[in-house]
Structures are given as C-alpha cells and as structure tokens.
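The sequence lines fix the lettering, A, B, ..., with proteins before strands; numbering per chain opens at 1.
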Protein chains: 2
Amino acid sequence: MIRVLLVHDACLLRSALAERLAREPDLEVFHTPWGAARRRLGSVRPDLCVADLDCETGYALAPLGELKTTATGTGTRCPLLVLASAHRPGLLRRALDAGAVGFVDKASVPEQLLTAIRQVAAGVRYVDDSLGFGFLKAAQMPLTQRELSVLTLAAGGASVAEIAHRLHLSNGTVRNYMAAITRKTGARNKVDAIRISLGEGWV
Amino acid sequence: MIRVLLVHDACLLRSALAERLAREPDLEVFHTPWGAARRRLGSVRPDLCVADLDCETGYALAPLGELKTTATGTGTRCPLLVLASAHRPGLLRRALDAGAVGFVDKASVPEQLLTAIRQVAAGVRYVDDSLGFGFLKAAQMPLTQRELSVLTLAAGGASVAEIAHRLHLSNGTVRNYMAAITRKTGARNKVDAIRISLGEGWV
C-alpha cells in the first residue's frame with residue numbers, strides 16, 4: 001500500500017480527488033489544506049506527498065520548503081509530487097528548489113496523476129511533458145535574488161522608503177532595482193512588473 | 001435526470017469532482033474549462049450550470065456575465081450555481097450581479113454541493129451559511145463604479161496618463177481617484193490598494 005497525503009486548499013475539490021485516488025486498491029489516501037499540512041505530515045507519515053502549488057489566498061505562495069523540512073525532520077523519506085501549471089513558471093522553480101521529484105500538470109486527467117504517484121513512490125522522477133514550456137521559462141528567470149526581494153516587498157504594498165529600510169539600502173538603490181526589474185520583465189511600469197511577476201508566481 | 005455542466009479550469013480536479021457527481025443516479029454530468037464554457041453551454045443545454053469563480057490565470061475574473069447571456073440567448077432557463085470563498089467578496093458580488101441563485105463554499109464537502117444542486121434544480125435558491133461574512137463584505141464595498149474602472153486599469157499596469165486617456169479624464173482627476181481608492185481600501189499606497197482589491201476579487 002502507498003500512503004498518500006494530498007495537500008490542496010479547497011475541501012470540495014480536494015475531497016473529490018482524494019476519493020478518486022482512494023478507489024485504487026494500492027493507495028491509502030489522506031488529505032489536508034495547506035494550513036494543516038505540516039501537522040498532518042507528522043501524524044500521517046505518508047510515503048508520498050501530493051501538493052497543489054496554488055494556495056487558496058490567490059497568489060499566495062504555498063509553504064513548500066516548510067513541508068520539505070518537516071518531512072526531513074520527522075526522519076521519514078517523503079518524496080514530494082506537485083500539481084502545477086505551465087503558465088506559472090515561478091511556482092515550478094520553487095518546487096524544484098524545494099526538491100520536488102514529481103510534476104503533474106493540473107490540466108491532465110486523474111489517471112495521469114495515478115501513474116505519477118506510482119512512479120514517484122517507486123523512486124523514479126516524473127515530469128509531465130506539457131510542463132516543458134513552464135520549465136523553459138523557469139530556467140530563463142531574469143531576476144537576481146536581490147531583485148526578487150525588492151519585488152516581493154513592493155508587491156506586498158511597501159513604499160520605496162520601507163523597502164530601503166528593510167533591506168538596508170538607499171532609496172535611490174531601491175529605485176534603480178525597480179527600474180531594472182521593470183525593464184527585465186518587459187513591463188510598462190512598476191505596477192505592471194508586479195502584476196506580471198505575481199501572475200507567473202515569482203513573488 | 002438533472003443535466004449539470006461543471007465549469008472549472010484545472011482538468012485534474014474538475015474531472016474528479018465531475019466523476020463524484022456523476023455517481024449520483026439523478027445527475028448527468030458534463031464538464032468544461034472556462035475558455036470553452038459558452039460553447040459547451042449551447043451544445044449541452046444543461047438544467048444547471050455549476051461554475052467555480054476562480055479562473056486558472058490566478059486573479060483573472062471568470063466571464064460569468066457572458067455565461068449568463070449565452071444561457072439566456074439559447075432560450076434555455078439555466079440557473080447558475082457558483083463555487084465561492086468567503087475571503088473573496090468581490091467575486092461573490094459579481095456572481096450576484098450575474099444572477100447566480102446558488103452559492104456553495106469551496107471549503108464544504110461534495111455532499112453539500114449535491115444538496116445545493118438538487119435544491120437549485122428544483123427552483124429554490126441555495127446559500128452556504130459559511131459565506132455569510134463574505135456577503136457582508138460584498139454589501140459594504142466602498143468603491144464607486146468609476147473608481148473600480150480606474151482601479152481595474154491601474155491593476156492591469158496602465159499609467160496615470162493611459163488611464164486618463166482611456167476614461168476621458170484629466171491626469172489630476174485620475175490621481176484624485178487613486179487617492180480616494182487608497183484611502184477607502186485602507187491601503188498604504190497605490191500598489192497596496194491594487195494588491196488588496198485583486199485579493200478580494202474586486203478587479
């Protein structure tokens with residue numbers, strides 16, 4: 001039996017998918033929203049964690065790293081399989097950084113997820129072909145770590161002065177970073193750069 | 001038999017939920033992403049349309065009004081039941097304006113959706129109790145229609161000059177609108193106002 005912990009915020013859709021997976025004779029399925037994922041990971045001790053990269057709070061980013069740390073902390077080897085979309089390369093990048101070994105396109109069908117679950121549980125990486133373009137964009141991410149920090153604070157509504165204070169920079173340096181970010185993302189202005197970056201899941 | 005058309009962007013979750021619904025002896029279930037919803041509505045001619053208010057493209061707004069117009073245009077009486085969240089009051093407001101008669105919380109379980117489907121198909125409105133706070137916030141929406149137009153363009157990355165040109169206003173008037181919007185939404189600045197409004201589904 002493969003013990004699967006499914007992480008997704010909307011109970012209505014999560015429980016329907018969990019029910020579908022649980023109909024397979026070789027799967028035992030548990031499910032949880034993101035908010036309780038760490039705790040459930042400790043109590044369920046699954047063989048595999050299947051997590052949707054989208055959080056209920058819209059563009060909010062799923063605490064993937066936290067999940068991975070907990071899995072490692074409990075001493076269990078728990079591979080991470082993520083449900084992703086090619087049009088949000090930033091989320092693919094984060095999943096890669098968090099050590100995910102399975103990538104299933106949310107545009108696929110449940111049967112494909114079953115194939116992926118069994119393959120990852122057997123220790124083999126799985127990547128949906130349709131996510132290729134997303135990985136290409138993820139690899140071409142033009143912003144530096146420092147620029148991402150500036151952009152993340154700006155997207156949260158911080159002013160230039162607040163960003164400068166938080167990152168120990170001068171106001172002029174923050175403005176220079178924002179100008180570079182706007183140019184690199186092909187945006188029209190600061191607000192547009194934030195919009196593009198949020199949409200693609202970078203911040 | 002109740003013919004149900006389920007509209008949701010992620011095929012993986014949509015088909016699992018459709019499969020769950022189709023196990024009921026009194027339901028015939030069809031499903032589609034938002035992009036093909038209008039066309040499917042015309043060909044399927046369902047008794048009921050169940051639509052998720054969230055679109056795949058993150059904060060993008062589902063073309064609910066379009067769906068309603070198509071349903072009316074084809075001469076079919078097709079009640080609209082939406083899947084919603086209390087923390088995105090702007091989407092609840094839009095669903096109300098589009099004439100939705102059923103509101104199911106995405107945090108509920110599939111059995112609750114089944115109750116709602118049967119009730120709405122019988123001509124009775126259905127609203128999940130847990131959406132109460134969301135409707136309260138929807139009723140208290142502080143922005144005027146004109147302010148929403150300005151905010152929508154700003155959120156799309158348009159500059160003050162572009163917004164002024166598009167809405168036939170002066171730059172100063174646009175700046176006054178943005179100041180009023182920032183004050184009314186309790187935001188720290190323009191970017192923060194856009195962030196809050198996108199998150200709550202107003203623009």
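- Using modelled atom types, one finds a donor on one side chain and an acceptor on the other under 3.5 Å when comparing Thr173(A) with Ser170(A).
- Proximity to chain A involves both the backbone and the side chain of Leu13(B), based on heavy atoms less than 4.5 angstrom apart.
- Counting heavy-atom pairs closer than 4.5 Å to chain A, the top residue among Ala187(B), Gly156(B), Ser85(B) is Gly156(B).
- We find the CZ-CD distance between Arg23(B) and Glu19(A) to be 4.5 Å, quoted to the nearest 0.5 Å.
- Both the backbone and the side chain of Leu17(A) have a heavy atom closer than 4.5 Å to some heavy atom of chain B.
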For Glu200(A) and Lys137(A), what are the C-alpha separation, side-chain angles and deciding distance, and is it a side-chain contact (heavy atoms from CB on, under 4.5 Å)?
-> CA-CA 10 Å; Glu200(A) 297 191 350; Lys137(A) 285 203 77 175; 2.9 Å; yes
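- Few gaps surround CG on Asp26(A); more than 12 heavy atoms of other groups in view lie less than 6.0 Å from it.
- Interface residue Ala154(A): only backbone heavy atoms are found under 4.5 Å from chain B.
- Only the side chain of Leu83(B) has a heavy atom closer than 4.5 Å to any heavy atom of chain A.
- Of the atoms belonging to Glu162(A), it is side-chain heavy atoms, and not backbone ones, that fall under 4.5 Å from chain B.
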Stepwise, does the side-chain contact (heavy atoms from CB on, under 4.5 Å) test hold for Thr144(A) with Leu148(A)?
-> CA-CA 6 Å; Thr144(A) 64; Leu148(A) 278 176; over 6 Å; no
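- Asn189(B) and Ser159(A) share no side-chain donor-acceptor pair at under 3.5 Å.
- Neither the backbone nor the side chain of Leu21(A) comes within less than 4.5 Å of any heavy atom of chain B.
- At least one side-chain heavy atom of Leu114(B) sits less than 4.5 Å from a side-chain heavy atom of Leu27(B).
- No other option in Ala10(A), Ala158(A), Ser108(A), Ala193(A) has as many heavy-atom pairs under 4.5 Å with chain B as Ser108(A).
- Interface summary for chain A: among Pro110(B), Ala155(B), Ser15(B), the most heavy-atom pairs under 4.5 angstrom belong to Pro110(B).
- Chain A forms the most heavy-atom pairs under 4.5 Å with one residue out of Arg188(B), Arg20(B), Lys190(B), and that residue is Arg188(B).
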